[in-house]
Amino acid sequence: MREGVFSDGRTVSISGNLEEIRDLGGLKFAIIRDFEGRVQVVLSKKFSDPQLMSALDSTPRESVVRVEGVCRSDARAPSGFELKPTKYEVISRAQSPLPIDVAGKTETSLDLRLDWRFLDLRRPEVSAIFRIQSKLGLAVRKFFEDRNFFEIHTSKIVGQATEGGANVFPIFYFKRSAYLAQSPQFYKQMMIAAGFERVWEMGPVFRAEPHHTPRHICEYVSIDLEMGYIKTYDDVMRTVEDLMVSCIAYLLENAQDEIAVLTSTQAMGEEISLPAKPFPRVSMREAYSMLAERGLSIPYGSDLDPAGERALGEAVKEKYGNEFVFLTEFPWSVAQFYHMRKEDEPDWTNRADLIFRGLELCTLAQREHRYHTLVEQTKEKGLNPSDFEFYLNFFKYGVPPHGGGALGIERIVMQLLGLKTIREAVLLPRTPERLTP
RNA sequence: GCCCAAGUCGUCUAGGUCGGUCUAGGAUAGGGGACUGUCACUCCUCUGACCCGGGUUCAAAUCCCGGCUUGGGCGCCA
């Protein structure tokens, strides 16, 4: 928190955390860190008040302090200027030693960092991740606004589980049982049936899956979109493709400082570059043979395993030079009842995944909107249509052909920045083991 | 849910295979001291740890069993 104009000779103040004191005897340098960055404060036996010097000396690191003083340009200072203090105040004293190393001189395990997340987030290279995430959110909003998508907010408390597969968290809803939403998908489609034409939503979803992997968390932020009046699901793919490219372009333009912080501290494992459009499309059937050429055998008609996704990512990068790839035409055997099948080949569907650097970022599909076909598919998947009456009703009274998809914002950040685990990309990750802070 | 691995000062680690000079070493943080341009400041000095419970043994940080915690892989998924 800064007050005043930081130019030569002006009296200014900075409030923030006392990061470090470098004590050279008669000369001391104190580094104060606020949300903007770091400011160097210089003290000397020659020109500083001895009481002020000893007060600073006895302040534990990370305490919140306020320094008022004269701003002086000096090429020797890290930022080109420094403060000669006239007033010093300890606003809130920190206990010591600190439970984790905030200065970053020793690496602290992620688990302990998450226990002390508020201290961990004081590190600029950690907060940079979330500044980028915040800007990504802005880019997403801007993108949908530009394309006349209508933003919706659907309920996260639901009366029945939507999709098969993913487990749901049961909760108490007064005297009834309910669940935390694992996807807004049915509600997005409901809004298409309501005539909203194109909708999007960004909000939390919940998955009660006991995974122990670097790419799963039990609560994540989902970017959801649904488009009415599509001709094919390639309309959805092109939208997702445009979304990714415009988001990356936005970050390259507007998050240069944050990217620089991450690059300079080696917190970032990957370079960010603007991907070329269109992203390569590889059908599942092509993927099977591409992977077979690499000695990886995926049973025909089944989904890729994580090793398969990684290998496909590499193969596509070699062949097409793109880190993104749409994996298209999923087999009906692994599809959901609401996915639309290919007209001429009913064993395959209009469903695709977007894979970025070997990890699934997005699942999208054209939905089956023809009521009777949908009911048939429900039965074919061994489900009871009456359990899905609320959903099936959307299709009884006129609904345009539509499709949509969902992307996990944390996975985008993780893959874009080359983070080792998705937990780095969440302020407060929820895993099967972690429910606090 | 299944499989594998790991728990040592506040923090990050060495040691463990072959049990015994390990009285557990180093770095960083913390206390004390020296130092007038640091920017991972430097130097001297001090404090500080073997996850818990049981077992084997003359002897356990080290080997065995159980528990707890954590990390990774798989199924599944964004």
Side-chain angles (χ1 to χ4, degrees), chain A residues 19-31 38-48 53 57-58 60-62 72 74-80 82 94-116 119-120 163-168 182-185 202 204-224 240 265 302-310 334 336 353-356 359-364 405-415 420-423 425-426 431-434:
Chain A
E19 187 170 281
E20 191 170 20
I21 301 169
R22 301 200 187 99
D23 185 349
L24 277 67
L27 185 70
K28 297 181 207 298
F29 299 97
I31 312 297
R38 297 183 171 102
V39 168
Q40 174 163 289
V41 174
V42 62
L43 299 104
S44 164
K45 269 181 184 165
K46 271 187 191 164
F47 54 76
S48 297
M53 274 181 96
D57 239 349
S58 61
R61 70 171 67 211
E62 290 304 317
R72 293 190 54 100
D74 193 316
R76 294 170 297 181
S79 54
E82 60 194 9
Q95 292 188 15
S96 104
L98 296 156
I100 65 170
D101 182 2
V102 176
K105 295 189 180 187
T106 62
E107 193 85 12
T108 303
S109 69
L110 180 62
D111 195 52
L112 203 60
R113 285 171 48 203
L114 292 174
D115 284 341
W116 296 96
L119 294 176
D120 184 46
E163 292 176 53
N167 298 318
V168 290
Q182 56 187 177
S183 164
Q185 188 192 315
M202 184 156 57
V205 293
F206 306 89
R207 303 279 165 101
E209 295 164 335
H211 301 303
H212 294 93
T213 81
R215 60 189 181 279
H216 287 99
I217 34 178
C218 294
E219 176 184 5
Y220 67 91
V221 175
S222 179
I223 302 168
D224 268 89
V240 169
T265 55
S302 66
D303 201 352
L304 302 190
D305 56 21
E309 285 183 3
R310 287 192 291 270
V334 300
Q336 301 287 346
D353 276 4
L354 176 64
I355 294 172
F356 175 44
L359 181 67
E360 188 179 324
L361 277 196
C362 172
T363 291
L364 61 88
L407 304 93
I409 194 168
E410 298 86 354
R411 280 198 176 180
I412 298 173
V413 171
M414 170 192 177
Q415 287 306 88
K420 288 189 188 73
T421 155
I422 196 163
R423 297 192 296 282
V426 192
T431 65
E433 292 75 30
R434 181 175 288 279

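Every chain is numbered from 1, with letters handed out A, B, ... down the list of sequences.
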Legend entry - Pair Ser109(A), Asp111(A): side-chain N/O donor-acceptor within cut-off below 3.5 Å: no

Using purine N1 to pyrimidine N3 plus N6-O4 or O6-N4 for Watson-Crick, or N1-O2 and O6-N3 for G-U wobble, both under 3.5 Å, which nucleotide pairs with [N]?
| N | answer |
| --- | --- |
| A5(B) | U70(B) |
| A49(B) | none |
| G20(B) | C58(B) |
| U42(B) | A34(B) |

Inset, instruction - Check whether any side-chain heavy atom of Val221(A) sits under 4.5 Å from a side-chain heavy atom of Glu410(A), and report yes or no. - result: yes

Inset, instruction - Kindly indicate whether the side chain of Arg423(A), heavy atoms from C-beta on, has any atom under 4.5 Å from the side chain of Leu110(A). - result: yes

Would you classify [X] as touching base, sugar-phosphate or nothing, given that sugar-phosphate means primed atoms plus P, OP1 and OP2, and contacts are heavy atoms under 4.0 Å?
| X | result |
| --- | --- |
| Glu62(A) | nothing |
| Ser44(A) | base |
| Arg423(A) | sugar-phosphate |
| Leu24(A) | base |
| Gln40(A) | base |
| Lys28(A) | nothing |
| Leu112(A) | sugar-phosphate |
| Arg215(A) | base |
| Ala77(A) | base |
| Arg72(A) | nothing |
| Pro214(A) | sugar-phosphate |
| Ile217(A) | base |
| Asp74(A) | base |
| Glu219(A) | nothing |

Inset, instruction - In plain terms, say whether Glu20(A) and Lys105(A) are close enough for a salt bridge, that is, a side-chain N and a carboxylate O under 4.0 Å apart. - result: yes

Legend entry - N-O pairing of Arg76(A) and Asp74(A) below 4.0 Å: yes

Inset, instruction - Verify, without hydrogens or angle tests, whether Arg411(A) (side chain) and Ile422(A) (backbone) share a donor-acceptor contact under 3.5 angstrom. - result: no

Inset, instruction - Using atom types as modelled and distance alone, determine if a side-chain donor or acceptor of Asp353(A) lies under 3.5 Å from a backbone N or O of Ile355(A). - result: no

Inset, instruction - Verify the stacking flag for Phe29(A) against G37(B): centroid separation must be under 5.5 angstrom and the ring planes must differ by under 30 degrees. - result: no

Legend entry - Between P of G10(B) and CH2 of Trp116(A), the distance in whole Å: 13 Å

Inset, instruction - Grab the CZ-P distance between Arg22(A) and A29(B) for me, whole Å please. - result: 11 Å

In terms of side-chain heavy atoms of [X], which of [options] is nearest?
| X | options | result |
| --- | --- | --- |
| Arg207(A) | C77(B), A40(B), C74(B) | C77(B) |
| Glu209(A) | C76(B), G10(B), U28(B) | C76(B) |
| Thr106(A) | A27(B), G73(B), G37(B) | A27(B) |
| Asp111(A) | A27(B), U70(B), C76(B) | U70(B) |
| Leu27(A) | A40(B), G37(B), G30(B) | G37(B) |
| Asp101(A) | C77(B), U11(B), G75(B) | U11(B) |
| Pro78(A) | C12(B), C35(B), C39(B) | C39(B) |

When the [atom1] atoms of [M] and [N] are compared, how many Å lie between them, rounded to an integer?
| N | M | atom1 | answer |
| --- | --- | --- | --- |
| G37(B) | C51(B) | C1' | 46 Å |
| C50(B) | C12(B) | P | 16 Å |
| G7(B) | G30(B) | C1' | 24 Å |
| U56(B) | A14(B) | C1' | 27 Å |
| A5(B) | C77(B) | P | 29 Å |
| C2(B) | A61(B) | P | 33 Å |
| C64(B) | G16(B) | C1' | 15 Å |

